[in-house]
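Please read the structure below before turning to the comments.
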Amino acid sequence: MNETTFLHDAAFRRMLDQGMATGELLPQIVVTPTYYPTTGEPTGSWENDGDYITDFVQAELCQSLLPAVETAYRTYAAGGRAQDLIDSRQHRAFAGFSMGAITTWSVLEQRLAYFAYFAPMAGDSWTITNDGGLLQPDLTAKKLIAAVKDSQPAPFHIEATVGSQDGTQNSMTPLITRLRQLSTTFDVEHLSYWKDPHGGHTLASATNQFAHAQETFFKKPLP
């Protein structure tokens, strides 16, 4: 997948257009970046994409992408400076599907000051190791909890989702369970977990999952 995938998908685009037209979704700017440095996916396995995610989250996202978007359109940010973006975080969300979900957990961990809502769809956190939610759920949860604690006060809400027939729930479920068990910061007010009935690891399910997350994005009061 690349930066055009979702906005070229008819069902996803229709969901956004119709939702905003009917008022079911709040008017919003939707940006679909890729962490790959070129327009085409580099050769090799997506399992080795950790360095791309790190570069995107630590540098490109807040230093280049956010300022470009927030100064090109009329938004809640007063400008493109870091403090402008931080001050307007309650009007900004980050979502991602599959490897995008892994990126979303990374944004939560490292860039909570810039975003208030998160929707990791069909993917866990790889902050400790690949498939960390399955292989190292305790260490992964503890690292996320520590990162959020260090960023407080910064209220947030996570809408974690996955298809009920999607194997990535084997990594997501243990992570979310441990987050809730180890910290009240990740209680149901901060972290919701929803399974798309009959959904697989598909764009169709991703569309359903994004629509579900949108039921609370920018509407649910932050804890």
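What's counted below: heavy atoms across the whole structure, side chains too, no hydrogens, waters or symmetry copies. The first residue in the sequence is number 1, and the count goes up from there.
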Exercise for the section: Output the distance between atom OG1 (Thr185) and atom CG (Leu144), rounded to the nearest 0.5 Å. Expected result: 12.0 Å
Problem - Intermediate values then yes/no, side chain to side chain contact (heavy atoms under 4.5 Å, CB included), Tyr52 and Thr34 - result: CA-CA 9 Å; Tyr52 293 130; Thr34 176; over 6 Å; no
Problem - Polar side-chain atom of Arg89 near backbone of Pro155 as donor-acceptor pair, under 3.5 Å - result: yes
Practice task
Indicate whether the side chain of Gln18 and that of Thr22 have a donor and an acceptor atom separated by less than 3.5 Å.
Solution key: no
Exercise for the section: State, without any angle test, whether Ser125 and Glu109 hold a side-chain donor-acceptor pair at a distance under 3.5 Å. Expected result: no
Fill in the blank from the handout: For Thr168 and Gly123, the nearest pair of non-hydrogen atoms, with its separation, is OG1-N, 4.3 Å
Problem - Verdict with supporting geometry, Thr177 and Gln181, side-chain hydrogen bond (donor to acceptor under 3.5 Å, both in side chains) - result: CA-CA 6 Å; Thr177 298; Gln181 290 173 342; 5.8 Å; no
Practice task
Of all the heavy-atom pairs spanning Pro67 and Thr71, show the shortest one and how long it is.
Solution key: O-OG1, 2.6 Å
Practice task
Report the C-alpha distance between Trp105 and Thr127 in whole Å, list the side-chain angles of each, state the deciding distance to 0.1 Å, and finish with yes or no for side chain to side chain contact (heavy atoms under 4.5 Å, CB included).
Solution key: CA-CA 8 Å; Trp105 288 108; Thr127 186; over 6 Å; no
Problem - Under 3.5 Å: donor-acceptor pair, side chain of Asp131, backbone of Leu134 - result: no
Exercise for the section: Examine Phe97 and Met15 and state if one hydrophobic cluster contains both, with Ile, Leu, Val, Met, Phe, Trp and Tyr joined whenever side-chain heavy atoms are less than 4.5 Å apart. Expected result: yes
Exercise for the section: Kindly say whether Glu159 contributes a backbone atom to a donor-acceptor pair with the side chain of Ser192 at under 3.5 angstrom? Expected result: no
Practice task
Measure the spacing between CD1 of Ile145 and NZ of Lys142 and express it to the nearest 0.5 Å.
Solution key: 8.5 Å
Fill in the blank from the handout: Connected to Phe218, directly or through other members, by ILVMFWY side-chain contacts below 4.5 Å are Leu26, Tyr117, Phe217, Leu222
Exercise for the section: Over all heavy atoms of both residues, which pair between Trp126 and Asn130 is shortest? Give the atoms and the distance, please. Expected result: CE3-OD1, 3.1 Å
Practice task
Say whether, by atom type as modelled, one donor and one acceptor occur between the side chain of Asp187 and the main chain of His190 under 3.5 angstrom.
Solution key: yes
Handout entry: Partner set under side-chain hydrogen bond (donor to acceptor under 3.5 Å, both in side chains) for Thr4, not counting sequence neighbours
Key = Asn2
Completion exercise
Hits for side-chain hydrogen bond (donor to acceptor under 3.5 Å, both in side chains) against Gln58, two or more places apart or cross-chain, chain-then-number order -> Gln110
Exercise for the section: Using atom types as modelled and distance alone, determine if a side-chain donor or acceptor of Thr161 lies under 3.5 Å from a backbone N or O of Lys195. Expected result: no
Problem - Check: Ser88 side chain, Leu85 main-chain N or O, donor-acceptor pair, under 3.5 Å - result: yes
Problem - Joint hydrophobic cluster, Leu175 plus Ile128, side-chain heavy atoms closer than 4.5 Å - result: no
Practice task
Side-chain contact test, heavy atoms from C-beta onward, threshold under 4.5 Å: evaluate it for Leu66 versus Arg92 and give yes or no.
Solution key: yes
Practice task
Spell out, as yes or no, whether a donor-acceptor pair under 3.5 Å connects the side chain of Ser106 to the backbone of Ile102.
Solution key: no
Handout entry: Minimal non-hydrogen separation, Leu112 against Ser151, with atom names
Key = CD2-CB, 3.7 Å
Practice task
Look up atom NE2 in His8 and atom CD in Glu3, then write down how far apart they are to the nearest 0.5 Å.
Solution key: 9.0 Å
Problem - Main-chain N/O of Gly100 paired with Thr104 side-chain donor or acceptor, under 3.5 Å - result: yes
Would you give me the side-chain donor-acceptor pairs under 3.5 Å for residues 74-81, sequence neighbours excluded?
| from | atom 1 | to | atom 2 | distance (Å) |
| --- | --- | --- | --- | --- |
| Thr75 | OG1 | Glu70 | OE1 | 2.4 |
| Thr75 | OG1 | Ala77 | N | 3.1 |
| Arg81 | NE | Asp84 | OD2 | 3.2 |
| Arg81 | NH2 | Asp84 | OD1 | 3.0 |

Exercise for the section: For residues Ser205 and Gly163, report the shortest heavy-atom separation together with the two atoms involved. Expected result: OG-CA, 3.9 Å
Practice task
For residues Phe115 and Leu61, report the shortest heavy-atom separation together with the two atoms involved.
Solution key: CE1-CD2, 3.8 Å
Exercise for the section: Measure the spacing between CH2 of Trp194 and CD of Glu215 and express it to the nearest 0.5 Å. Expected result: 8.0 Å
Exercise for the section: With Gln214 as reference, evaluate Gln209, Gln28, Met20, Glu24 under the side-chain contact (heavy atoms from CB on, under 4.5 Å) test and give the passing residue. Expected result: Gln28
Exercise for the section: For Arg13 and Leu7, indicate whether the former's side chain and the latter's backbone hold a donor-acceptor pair under 3.5 Å. Expected result: yes
Problem - Thr103 side, atom OG1; Ile53 side, atom CD1 - distance, nearest 0.5 Å - result: 3.5 Å
Exercise for the section: Please check if Val188 and Leu108 belong to a single hydrophobic cluster, counting links between Ile, Leu, Val, Met, Phe, Trp and Tyr side chain heavy atoms closer than 4.5 Å. Expected result: no
Exercise for the section: Decide yes or no on side chain to side chain contact (heavy atoms under 4.5 Å, CB included) for Phe56 and Leu65, but give the supporting numbers first. Expected result: CA-CA 9 Å; Phe56 174 76; Leu65 181 60; 4.3 Å; yes
Exercise for the section: Report the C-alpha distance between Tyr193 and Thr173 in whole Å, list the side-chain angles of each, state the deciding distance to 0.1 Å, and finish with yes or no for side-chain hydrogen bond (donor to acceptor under 3.5 Å, both in side chains). Expected result: CA-CA 9 Å; Tyr193 188 34; Thr173 301; 2.8 Å; yes
Practice task
Run the numbers on Phe6 and Met1 for side chain to side chain contact (heavy atoms under 4.5 Å, CB included), then give the verdict.
Solution key: CA-CA 9 Å; Phe6 278 98; Met1 297 167 65; 3.4 Å; yes
Practice task
Return the orientation label for the Phe186 and Phe156 ring planes: parallel under 30°, perpendicular over 60°, tilted otherwise.
Solution key: tilted
Handout entry: Transitive ILVMFWY side-chain link Leu135 to Ile176, under 4.5 Å
Key = no
Handout entry: Ser183 side chain vs Leu179 backbone, donor-acceptor pair below 3.5 Å
Key = no
Fill in the blank from the handout: When rounded to the nearest 0.5 Å, the distance separating CG of Asp138 from CG of Leu182 is 6.0 Å
Handout entry: Contacts of Glu189 that satisfy salt bridge (charged side-chain N to carboxylate O under 4.0 Å, His left out) - sequence neighbours left out
Key = Lys220
Exercise for the section: Any salt bridge (Lys or Arg N to Asp or Glu O under 4.0 Å) involving residues 110-127? Give me the pairs, sequence neighbours left out, ordered by first then second residue. Expected result: none
